[in-house]
Participant: 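The following block contains the structure, expressed as structure tokens.
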Amino acid sequence: MASERYNAREAEARWQEIWEDKGVFVTHNEDPRPKYYVLEMFPYPSGRIHMGHVRNYAMGDVVARYKRAQGFNVLHPMGWDAFGMPAENAAMQNKVHPKDWTYQNIATMRGQLKIMGLSLDWSREFATCDVDYYAQQQRLFLDFLAAGLAYRKKSKVNWDPVDMTVLANEQVIDGRGWRSGALVEQRDLTQWFFRISDFSEDLLEAIDTLDRWPDKVRLMQRNWIGRSEGLKVSFEFIAPPPSGEAALEIFTTRPDTLFGASFMGLSPDHPISRALGEKDPKLAAFIEECQKIGTSAEAIETAEKKGYDTGLRVRHPLDPSIELPVYVANFILMGYGTGAIFACPAHDQRDLDFARKYGLKVTPVVLPQGEDPATFNVGDEAYTGDGTIFNSAFMDGMSVAEAKDAVASRLEAQSLGGKPQAERQVNYRLRDWGISRQRYWGCPIPVIHCPTCDVVPVPAEDLPVRLPDDIDFDKPGNPLDRHATWKHVACPKCGGKAERETDTMDTFVDSSWYFARFTDPKNANPTDREAADAWLPVDQYIGGIEHAILHLLYSRFFARAMKKTGHLGVIEPFQGLFTQGMVTHETYRADGGWVSPADVRIEERDGVRHAVLVADGSPVTIGSIEKMSKSKKNTVDPTDIIETYGADTARWFMLSDSPPERDVEWTEDGVQGAWRFMQRVWRLVGEIAERVSRDAARPNDLGEAAVELRRATHKTLHALSNDIEQLAFNRAVARLYELVNTLSKALAAGDRAAGMDFAIREAAEYLVRMMAPMTPHLAESCWSVLGHEDLLATAAWPALEQDLLVEDTITLPVQVNGKKRADLTVPREASKEDIEAATLALDAVSRALDGKPPRKIIVVPSRIVNVVV
RNA sequence: GCGGACGUGGUGGAACUGGUAUACACAGCAGACUUAAAAUCUGCCGCCGCAAGGCAUACGGGUUCAAGUCCCGUCGUCCGCACCA
């Protein structure tokens, strides 16, 4: 038995069948044990799983199996984020129905996931395109609508001309659609929105409670919500513009610098700019030019600041004798604040660049500490720091904070056109979430448009609004919009002729509550409150950093909205979040373009790696290491790897070496190393099983060597448990390698004492149990070789003997002047005086002292000794 | 431009709250076993040096008995971004 190679293919299939037959991973809501909900971001059924999935799900499975062994009732479900455009693209390109395409992909990918041996509760599986799921989503929509959380408004939208759909602001990247890459156009459409901005403050504040989220993601969410406190101020026009406004409203976060104002800036999209542009062709041309600049921060930062003097003038609110010119400027956004600013060049870099270009006044009003007010000047760099206000009449001598408050108070009391001239305001960058998509393969928005009754929600008894199957993709645009019978219905209110809403929901809606549905996936309501509240929040959520903002923020919104509509009791869906790194691979190029690793053979000549084509031996250029992608052909198919080496090898390799939050490079050497280790463990356990019978008794006196081995075993258990808790899988892997090294040596030493037998047996059993979360099939096989008849998948985590973590003697490094010179072994309870004496007796120390007394001896208990000479 | 993270052998990386730098793995080298290869096993593997020893955690300073870890500056890499007034 022991000499046989471990046959992963045979063993993995066998254990998977046994686990499934016995239903060991099916979770019951009524199980009284403490709950643990671990969830990996569910996949889009694109066709085949990729290595990124393997890494993601291997991590989640380690946590699930570890927590299960610790006695938790673990929920570890899987489903499919199944609506979305690729299905429609496939329909257009290959004449496949999106539904067939999607469900076929799901079947393939489910099979691929199953051979990974993940401890998933497949009985809870669903796809977001299942009628059962989106029917509940429609009910949520109607509840949100009734609660005022969903509404319609006409708005300028980002129109993707390739996908023929609307994109959220967040989905437009550098002026292009995030999926299609097409240049986005502006269009006016009536759209459905979710009122996420109602929760701006709460979503922001609650970030503080998410202490098991990466700081990076929390920061990104804070910045996305973008809270800023400031003042809305009205500036009176000297002569009103043709559009008739009496005053210009601006928003500022620096009212303290108001006396440094030298001009006003309008966004090119500001209504006043527009109105003026209609009469001024030169301004119209300028506005058009501004709209052509890219929307990316980098493009605009490097773009030259430009403006156009409108000829309008406004009066300074604190000194009526000052008149300020009004420019249309290319660096002011309509979407933030009021789309207009007052500019203080001395204390804002953009304003300064602009003022220098157009020869406008630069008056410093904040004096940095240590500067002389008579000589302080601003060169090419604006001063944005703190200081004392000067050149500012009644504010002179105040701090920045005091001045902000003073200006606000004064202008609030002052009135212009019968209203206070200023108003304190909190602004958020976060805007409402537009969810309408002009697309077939999504969840239908359950409303009916009636010419007499306007928008009528589909009555509950008529739900769900099913997607019709008989559709065609011969023309671009939404097939629902031209569906003959589906679209035309009677109005539920008046019975007259009416039309269905033909827009479907953004697929981010689907993924915003699936974690809640998993808690009771077959319920006739969206959630079962008891089940949802018992399971949520998700204890550990694992997925890619690319979802750091949108998906996570929308899910947080949904939890709040579902609470408001009575579907949930919690507001934060994910207690712990972990964002894993990507899987990368070397790239290869031949003259024909990118070459797949499967077609390349690596040879080493004179210590230099060369790549050649397997087919004909022709040379291939080795390129940079990149994220695995179809476009660069540097992918490795998980199924191929699993067929060759087994799922455990693939899982082990994905968990070893690289810290999980960082990228990991897939290499053939690495996989083989992992595979060799699987074989090594198998041989080692086999040998031990032969040598030490299962009922090896524990003798009263174990002997020193056996105690040492036991220490190593239990120390490994202690450290590895901590590593898994922290998701430091690479460290956990290293500890198991160490234990195997130690155990191999102990076995090779040939000590046949009864104590050693006991210690070796224990080490082997612990090793196998510790490996189980990562390499579950191999562990089951080893467990059975060791004579166990129960399943390791349902066994408890091994018990830790705390006593073994503490040594009787400790070895202290001894430093002389901070450099290590010797080791000192002393009893654990040795006193400081004993240690000092023993230190001075060391050869290395006395040599360094050369007869002189030491200046100082520092003893850090159980850490180190440092002798200062 | 702004914000953030990071920089350790040939490579991926360890090093808990300042306390033995380089654990573990990959690659490489030498040897054992073998007719041979594969597999396996053993040993070596930061740099200089015969050695004693010295030098090394991007670079330059600083704090400390002690710095990969803390502080200041420089260089470099990566990530995020919204000209946010």
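Sequence lines set the chain letters: A, B, ... in the order given, protein chains first and strands last, and positions in each chain run from 1.
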Participant: With a non-hydrogen cut-off below 4.0 angstrom, is D351(A) in contact with a base, only sugar-phosphate, or nothing?
Facilitator: nothing
Participant: Return the 5'-most residue of the pair V868(A), K820(A) with respect to RNA chain B, ranking by each residue's nearest nucleotide.
Facilitator: K820(A)
Participant: Suppose you measure atom C1' in rU42(B) against the same atom in rG46(B); what distance do you get, rounded to whole Å?
Facilitator: 23 Å
Participant: Quick one: D723(A) CG to rC24(B) C1', roughly how many Å, whole number?
Facilitator: 12 Å
Participant: Rounded to whole Å, how long is the line connecting atom CG of D663(A) with atom P of rU11(B)?
Facilitator: 18 Å
Participant: If rG1(B) has a Watson-Crick or G-U wobble mate with both distances under 3.5 Å, name it; if not, just say none.
Facilitator: rC81(B)
Participant: Among Y358(A), Y327(A), F342(A), which residue meets the ring pair (Phe, Tyr, Trp, His ring centres under 6.0 Å) test with F263(A)?
Facilitator: Y327(A)
Participant: Using a cut-off of less than 4.0 Å, is there contact between a side-chain N or O of R731(A) and OP1 or OP2 of rA15(B)?
Facilitator: yes
Participant: Which nucleotide wins on minimum distance to the side chain of E738(A), given the candidates rC16(B), rA23(B), rC65(B)?
Facilitator: rA23(B)
Participant: Name the pairing partner of rC24(B), where a pair is Watson-Crick or G-U wobble with both distances under 3.5 Å, or state none.
Facilitator: rG12(B)
Participant: In the strands shown, is rC6(B) matched to any nucleotide by a Watson-Crick or G-U wobble pair with both distances under 3.5 Å, and which?
Facilitator: rG76(B)
Participant: With rounding to the closest Å, how many angstrom separate the P atoms on rC16(B) and rG7(B)?
Facilitator: 13 Å
Participant: If I take atom CG in residue L550(A) and atom C1' in nucleotide rC81(B), what distance separates them, rounded to the nearest angstrom?
Facilitator: 13 Å
Participant: Taking atom P in both rA5(B) and rG54(B), compute the distance separating them and give it to the nearest angstrom.
Facilitator: 37 Å
Participant: When you get a sec, tell me which of rC83(B), rG19(B), rG12(B) is the closest nucleotide to the side chain of S658(A)?
Facilitator: rG12(B)
Participant: Hey, are R350(A) and D353(A) close enough for a salt bridge, meaning a charged N less than 4.0 Å from a carboxylate O?
Facilitator: no
Participant: So which nucleotide from rC24(B), rA14(B), rC65(B) ends up closest to the side chain of I858(A)?
Facilitator: rC65(B)
Participant: Measure the distance from CZ on F653(A) to C1' on rU11(B) and round it to the nearest whole Å.
Facilitator: 12 Å
Participant: Once you round it to whole Å, what is the distance between C1' of rU40(B) and CG of L747(A)?
Facilitator: 15 Å
Participant: Could you check which of rA39(B), rG3(B), rG19(B) has an atom nearest any side-chain atom of L219(A)?
Facilitator: rG3(B)
Participant: As a test of the definition: with a 90° window around 0 for syn, would you call rG9(B) syn or anti?
Facilitator: syn
Participant: Among rC83(B), rA14(B), rA21(B), which is the nearest nucleotide to the side chain of F331(A)?
Facilitator: rC83(B)
Participant: Pair V583(A), M654(A) - check side chain to side chain contact (heavy atoms under 4.5 Å, CB included), show working.
Facilitator: CA-CA 9 Å; V583(A) 181; M654(A) 281 290 91; 4.0 Å; yes
Participant: Expressed in angstrom and rounded to an integer, what is the separation of I602(A) atom CD1 from rA27(B) atom P?
Facilitator: 14 Å
Participant: Considering only atom C1', compute the distance from rG18(B) to rC26(B) and round it to an integer number of Å.
Facilitator: 32 Å
Participant: Looking at E201(A) and R227(A), is there a salt bridge between them, counting it only when a charged N and a carboxylate O are closer than 4.0 Å?
Facilitator: yes
Participant: May I ask you to say what T252(A) touches in the nucleic acid, namely base, sugar-phosphate or nothing, with a heavy-atom cut-off under 4.0 Å?
Facilitator: sugar-phosphate
Participant: Counting only Watson-Crick or G-U wobble pairs whose two distances fall under 3.5 Å, which nucleotide matches rC55(B)?
Facilitator: rG46(B)
Participant: Identify which nucleotide among rC83(B), rG13(B), rC41(B) has an atom closest to any side-chain atom of N730(A), counting heavy atoms from C-beta outward.
Facilitator: rG13(B)
Participant: Determine: side-chain N/O of R683(A) to OP1/OP2 of rA39(B), distance under 4.0 Å, yes or no.
Facilitator: no
Participant: Please measure how far the P atom in rC48(B) lies from the corresponding atom in rA38(B), and state the result in whole Å.
Facilitator: 30 Å
Participant: So D669(A), base contact, sugar-phosphate only, or nothing? Heavy-atom distance under 4.0 Å.
Facilitator: sugar-phosphate
Participant: I'd like the P distance from rU11(B) over to rU17(B), given in whole Å.
Facilitator: 26 Å
Participant: Contact class for R218(A) (heavy atom, under 4.0 Å): base, sugar-phosphate, or nothing?
Facilitator: nothing
Participant: Tell me whether the side-chain N/O atoms of R676(A) come closer than 4.0 Å to OP1 or OP2 in rA27(B).
Facilitator: yes
Participant: Who does rC41(B) pair with, Watson-Crick or G-U, both distances under 3.5 Å?
Facilitator: rG31(B)
Participant: Can you tell me how far C1' of rC79(B) sits from CD of Q221(A), to the nearest Å?
Facilitator: 16 Å
Participant: Any idea which of rA14(B), rC24(B), rU40(B) is nearest the Y737(A) side chain?
Facilitator: rC24(B)
Participant: Are W652(A) and Y737(A) an aromatic pair, judged by ring center distance below 6.0 Å?
Facilitator: yes
Participant: Among rA23(B), rU20(B), rU40(B), find the nucleotide with the atom closest to the side chain of I864(A).
Facilitator: rU20(B)
Participant: Is there a ring pair (Phe, Tyr, Trp, His ring centres under 6.0 Å) between W213(A) and F578(A)? Walk through the geometry before answering.
Facilitator: CA-CA 7 Å; W213(A) 281 38; F578(A) 187 84; over 10 Å; no
Participant: What nucleotide, of rG3(B), rA25(B), rC65(B), holds the atom closest to the side chain of N741(A)?
Facilitator: rA25(B)
Participant: In whole Å, measure the gap between the P atoms of rC29(B) and rU34(B) for me.
Facilitator: 23 Å
Participant: More 5' along RNA chain B: T667(A) or Q815(A), using each one's nearest nucleotide?
Facilitator: Q815(A)
Participant: What is the distance from CD1 of I835(A) to C1' of rG19(B), rounded to the nearest Å?
Facilitator: 14 Å
Participant: Taking S267(A) for the side chain and I332(A) for the main chain, is one N or O donor matched with an acceptor at less than 3.5 Å?
Facilitator: yes
Participant: Would you indicate what R863(A) reaches in the nucleic acid, counting non-hydrogen atoms under 4.0 angstrom: base, sugar-phosphate, or nothing?
Facilitator: base
Participant: So, does R662(A) get its side chain near the phosphate of rG13(B), meaning an N or O under 4.0 Å from OP1 or OP2?
Facilitator: yes
Participant: Of all the choices, rC26(B), rG19(B), rC55(B), which nucleotide is nearest to the side chain of K819(A) once you look at every atom?
Facilitator: rC55(B)
Participant: Look at the aromatic rings of F235(A) and H316(A) and report parallel, tilted or perpendicular, splitting at 30° and 60°.
Facilitator: perpendicular
Participant: Once you apply a heavy-atom cut-off of 4.0 Å, does I857(A) come out as touching a base, just sugar-phosphate, or nothing?
Facilitator: nothing
Participant: Taking any strand in view, what nucleotide pairs with rU63(B) in a Watson-Crick or G-U wobble way, both distances under 3.5 Å?
Facilitator: none
Participant: Give me the distance, rounded to whole Å, that separates rC45(B) from rA23(B) when you measure between the C1' atoms they each carry.
Facilitator: 15 Å
Participant: Regarding R735(A) and E738(A), does a basic nitrogen lie under 4.0 Å from an acidic carboxylate oxygen?
Facilitator: no
